[in-house]
Amino acid sequence: MRRRGSVARERAAFGVIRGLSLLTIAILALIMGFILYKGFRFSNEVRGTVLPYAERSPDGLALVVGGGIDLDSLDFPVLYGMYTDEYINWAKISADDFDLLPIAIDPAKPDGSATAKLLFGESADPQWGGLVKTVPDAAAALALLRSTPGAAAILPVDALRASTDTKELRVVPIRRLMLAANEDVVALVDNRSIEDLDDAALARLMGGAVKNWKELGGPDLTVKILSPPAGSTLAAAVASGRPLSAAKASIAPPSMAAYETALSGTSGAVGYSLAADAQAAGLAPLTLKTVESGWNLTWKYLVEAPRLSGKVGGISTIILNTLLMLALTILIAAPIGVAAAVYLIEYAKQGPLIRVLRLGTETLAGIPSIIFGLFGFLFFVNILHFGFGLLSGCLTLTLMILPTIVRTSEEALKAVPRSLREGSLALGATKLQTVLRVTIPAAAPGILTGLILGVGRAVGETAALLFTMGSDYKLAKGLFSSARVLSSHVYLLFAEGISFDRAFSTATVLILVVLVFNFAARRLVGRMGGVK
Amino acid sequence: MESTGAKFDVTKLDLWYGQTQALNQVSMKIEANSITALIGPSGCGKSTFLRVLDRMNDLIDGVRVEGTVLYDGADIFGSADVIDLRKRIGMVFQKPNPFPMSVFDNVAYGPRVHGLHARTAAEKRHLSELVEKSLVNAALFDEVKDRLHKSALGLSGGQQQRLCIARVLAVEPDVLLMDEPTSALDPISTAKIEALLDELKVRYTIVIVTHNMQQAGRVSDSTGFFLHGELVEYAPTKEIFFNPRDKRTENYISGRFG
Ligand SMILES: Nc1ncnc2c1ncn2[C@@H]1O[C@H](COP(=O)(O)OP(=O)(O)OP(=O)(O)O)[C@@H](O)[C@H]1O
Ligand SMILES: [Mg+2]
């Protein structure tokens with residue numbers, strides 16, 4: 001009876017232990033997976049008016065940019081902004097650091113009027129920006145495109161095809177289709193207005209499943225879908241853009257003019273529109289909610305230098321700075337830490353002084369890094385006049401990780417069996433020879449574990465480094481040059497609100513650096529023939 | 001008091017670990033080129049005595065020694081250099097203690113710490129010849145010749161013990177002290193090491209601690225019986241075994257044989 005009870009208890013305990021361990025593993029996997037996923041892929045909800053269908057050559061035109069511009073497609077409002085001086089730099093458009101040079105063929109020329117029409121519709125008064133450079137023909141535009149890295153031009157597709165060398169250039173598809181509605185639909189009624197439409201709502205609306213705008217949070221109006229007049233540019237764009245299932249049109253105006261009138265004049269009307277036309281005709285666009293996703297951690301991000309506070313470019317110099325910092329810190333901390341541990345274990349008489357020292361190191365290991373940062377700032381940066389730089393930062397880190405290294409090295413040395421030391425001494429080796437050739441190599445795996453722990457702490461340090469090493473994201477030029485490392489970059493990207501996505505991809509790189517370091521250290525231990 | 005041809009001449013040796021006395025008035029002459037066995041119950045001071053001979057007890061805090069130990073006529077506690085003493089007196093421990101390095105490096109360890117560098121090709125050849133010779137003398141070479149550069153920790157217990165013997169031989173010592181070298185080994189490895197002792201005796205003076213009466217009887221020329229830190233009886237092995245003078249010796253030996 002008693003036996004059976006104990007077996008059941010045993011089993012219950014085993015179940016609990018297994019459950020807890022599995023839970024722990026699951027949580028760890030979840031966290032790692034989440035960070036890595038966010039690091040490699042970004043996926044953001046964006047609000048806009050343009051549908052996510054891109055046209056490669058709207059109206060027989062193409063937007064051509066230099067190969068250095070990293071752009072998959074472009075919203076019409078941004079294109080419009082480019083040609084109306086809203087943007088002067090590519091940073092906000094494609095995260096490239098070039099001055100913007102918008103090029104257009106002279107509107108007076110036959111090719112040029114198409115460009116004006118694309119941008120401004122039938123508007124009588126096109127608002128060309130002052131930055132826009134007009135050229136007489138496509139050839140001149142192409143020449144300018146090749147010579148100016150930040151140039152962009154709207155050109156006839158035929159002219160582009162005729163050109164022999166377009167290798168260095170890139171055609172950027174334009175997204176300009178949007179949903180326009182009658183003003184009553186978007187009006188604020190009873191403090192309520194139509195909600196932003198996500199993909200599903202959009203499909204329901206244009207598939208004819210929504211009868212009344214109430215269903216989408218809007219006013220009590222019947223939904224009336226207009227279909228674009230056959231043969232119009234709009235109809236072609238709608239067809240080529242593959243948007244949604246065939247709209248169940250309730251009204252089909254015969255011409256574009258009638259279509260626009262119907263859209264603005266019929267209560268509850270909704271229909272597709274080209275951004276330029278909608279703007280010209282003063283139609284109210286419906287706001288869409290789309291999820292944008294793509295690769296976050298790209299090769300380009302790894303190999304390019306950061307610019308504009310890391311908003312633009314990559315993190316190559318920051319990775320190098322991190323490696324430099326690690327190398328320097330280990331170079332300083334490892335010999336000191338191991339030497340201290342060897343002294344404490346092999347040479348020092350175990351007395352009260354040693355006990356106090358040990359208590360001290362243990363306490364230091366638990367002190368928050370920010371305090372080391374304050375000390376480093378005061379001592380290295382100010383008193384010793386090292387300034388913000390690699391040296392101050394690495395010395396601070398050294399102080400921070402030294403206790404860990406000393407403690408683990410001590411444990412590792414203690415674990416080396418006495419018989420090994422005696423074996424060496426009995427062969428006539430001196431104490432120093434024994435320590436250097438037998439004890440330390442035998443303790444190497446443990447010592448290395450300590451170093452890895454220390455490096456882990458160093459590479460993850462932010463607070464102490466901002467105070468001592470500074471945050472210059474250029475490659476450190478010397479011991480006294482300020483340097484930003486991965487962890488502080490993550491912090492600054494986040495704290496300065498520069499980019500959450502970039503913070504995550506930098507974090508992923510940071511994790512990978514730690515992983516690579518761990519792996520390399522393990523291999524090294526394996527090679528040394530130490531006991532694993 | 002001139003050298004009497006004895007390798008070691010121990011007189012009135014007392015040893016204390018702190019307050020506890022582990023050796024009491026031990027006097028013993030150990031002949032050169034002979035095998036001397038030390039027997040006695042556990043805790044009687046055999047290891048302690050052995051460790052006095054190459055001053056390994058220096059490493060333990062609180063050890064106090066009185067009496068004299070002459071090695072080749074010279075007092076080992078006098079001006080003698082410990083390093084030099086330990087170089088000439090090799091010690092094999094009860095538990096094999098190979099260093100965590102390759103078989104070759106284990107054997108080459110002693111020569112290297114004594115300044116044999118393998119910088120030139122000739123020096124390299126000399127070192128590897130020395131290693132090979134030591135391994136051959138320790139009856140291990142054939143078993144490890146294909147794995148000289150693999151970790152010594154991969155060897156079997158018996159191989160490890162012979163490696164430790166080879167490691168000592170490579171220093172070319174004069175005396176071999178062995179503290180129960182076969183206690184952790186199987187009969188085959190034990191037989192190999194015993195055969196080895198017989199060969200080594202020609203060139204070395206050997207002192208061996210053993211709990212194995214048959215082993216003492218088989219390999220040794222003379223035997224010392226320790227009890228509670230005292231050397232009760234010390235005589236040629238045959239006499240100790242067949243004609244012990246002291247009652248306590250007889251009890252111990254007969255008790256062992258059951
Ligand atoms: N380092 C030490 N510190 C204190 N006492 C010790 C130490 N080493 C040995 N002793 C004591 O000295 C006595 C003799 O020990 P020793 O190791 O010489 O015995 P032994 O004859 O070799 O025994 P065994 O056959 O078990 O190896 C024992 O009572 C032991 O407890
Ligand atoms: Mg013993």
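All values below come from the heavy atoms of this structure, side chains included, with hydrogens, waters and symmetry mates left out.
The closest side-chain donor-acceptor pair between A:Glu461 and A:Ser369 falls under 3.5 angstrom. For the residue pair A:Gln433 and A:Thr430, a side-chain donor N or O sits within less than 3.5 Å of a side-chain acceptor on the partner.
Residue B:Arg55 does not touch chain A at all, counting heavy-atom pairs closer than 4.5 Å. Contacts between B:Val168 and chain A at a heavy-atom distance below 4.5 Å involve backbone atoms as well as side-chain atoms. Looking at B:Pro173, neither its backbone nor its side chain comes within 4.5 Å of chain A, counting heavy atoms on both sides. Looking at A:Arg421, there are no atoms closer than 4.5 Å to chain B (heavy atoms on both sides), in backbone or side chain. For B:Phe93, the part lying under 4.5 angstrom from a heavy atom of chain A is the side chain only.
Ranked by non-hydrogen atom pairs under 4.5 Å with chain A, the options B:Asp61, B:Ile89, B:Leu59 are led by B:Leu59. With chain A as the partner, the residue from B:Lys95, B:Arg167, B:Met91 showing the most heavy-atom pairs under 4.5 Å is B:Arg167.
Both the sub-6.0 Å distance and the 45° axial angle are not jointly satisfied by B:Lys133 relative to the ring of B:Phe141.
Ring planes of A:Phe375 and A:Phe380: perpendicular class, angle over 60° (limits at 30 and 60°).
Note that the OG1 atom of A:Thr408 and the CD atom of A:Glu411 stand 8.5 Å from one another [nearest 0.5 Å].
Looking at A:Glu410 and A:Arg358, a side-chain N of the basic residue comes within less than 4.0 Å of a carboxylate O on the acidic one, giving a salt bridge.
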